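Heads up: the structure comes next, in structure tokens.
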Amino acid sequence: MASILDTSSIYNTYYNNINSQAGSSLQNKLDGMGKPEDADQLMEVCKDFESYFVQKIIEESKKSLENEDEKGEYMQYFSTMLNQTYADAIVDGGGLGLAQQLYDSMKTQYDL
């Protein structure tokens with residue numbers, strides 16, 4: 001039983017680190033912008049943010065569902081990757097339109 005708790009603690013540390021790295025990575029990409037050729041990079045950052053946002057919506061939605069398949073120890077580890085894959089597929093399929101709205105509002109801020 002102690003190994004499950006240790007594994008859980010390691011996973012929680014990993015998960016929190018990944019979330020913090022995702023935000024830092026997006027911010028670092030934004031900080032280096034200002035040239036007209038950065039317009040494509042800005043759109044990618046906006047899509048990355050929309051994907052992250054959709055992933056969080058999926059994760060919160062799953063908390064309200066009783067799903068025995070996702071209660072196993074190993075499924076907890078892979079559910080983050082699975083949710084990220086779902087979010088990427090949603091954004092690649094047109095998404096919520098959040099990326100385009102962010103892009104439109106931010107391109108004037110970065111003179112693109």
Side-chain angles (χ1 to χ4, degrees):
M1 190 75 166
S3 67
I4 292 175
L5 294 175
D6 295 340
T7 307
S8 216
S9 173
I10 292 169
Y11 173 74
N12 288 335
T13 302
Y14 166 77
Y15 181 75
N16 291 333
N17 191 22
I18 290 296
N19 283 334
S20 137
Q21 286 177 355
S24 296
S25 173
L26 292 174
Q27 186 61 48
N28 289 339
K29 287 179 184 177
L30 287 174
D31 288 342
M33 291 193 180
K35 297 172 276 197
E37 58 268 11
D38 290 334
D40 291 337
Q41 185 179 4
L42 177 61
M43 187 56 159
E44 284 303 310
V45 171
C46 292
K47 285 182 178 181
D48 289 346
F49 176 78
E50 182 176 10
S51 179
Y52 180 76
F53 182 74
V54 170
Q55 179 183 351
K56 293 302 170 190
I57 290 172
I58 291 169
E59 288 172 1
E60 290 300 315
S61 299
K62 283 186 171 184
K63 286 181 182 178
S64 66
L65 300 174
E66 290 292 327
N67 189 350
E68 292 298 320
D69 294 337
E70 292 190 12
K71 287 189 177 183
E73 178 183 348
Y74 295 107
M75 200 52 201
Q76 289 177 353
Y77 297 121
F78 295 111
S79 67
T80 301
M81 289 188 289
L82 183 61
N83 292 338
Q84 184 176 6
T85 302
Y86 288 152
D88 290 341
I90 290 169
V91 171
D92 289 342
L96 308 173
L98 180 61
Q100 186 63 48
Q101 289 179 348
L102 283 171
Y103 176 79
D104 291 341
S105 68
M106 294 177 75
K107 69 181 177 182
T108 55
Q109 179 181 354
Y110 291 102
D111 296 324
L112 301 176

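All of these numbers come straight from a predicted model, not from anything done at the bench. Side chains are part of it too, since the values below use all heavy atoms of this structure and drop only hydrogens, waters and symmetry mates.
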Working for side-chain contact (heavy atoms from CB on, under 4.5 Å), residues K47 and D92: CA-CA 9 Å; K47 285 182 178 181; D92 289 342; 5.7 Å; no

Determine the minimum heavy-atom distance between A99 and C46, stating which atoms define it. O-CB, 3.5 Å

Rounded to the nearest 0.5 Å, the CG atom of N83 sits from the OG atom of S51 at a distance of 10.5 Å

Answer yes or no: is there a side-chain heavy-atom contact under 4.5 Å between M106 and V45? no

Would E59 and K56 pass as an ion pair if we require N to O under 4.0 Å? yes

Rounded to the nearest 0.5 angstrom, the CG-CD1 distance for L96 and I57 is 6.0 Å

Quick check: does any side chain N or O of T85 sit under 3.5 Å from a backbone N or O of M81, one acting as donor and the other as acceptor? yes

How about E50 and L102: do any of their side-chain heavy atoms sit closer than 4.5 Å? no

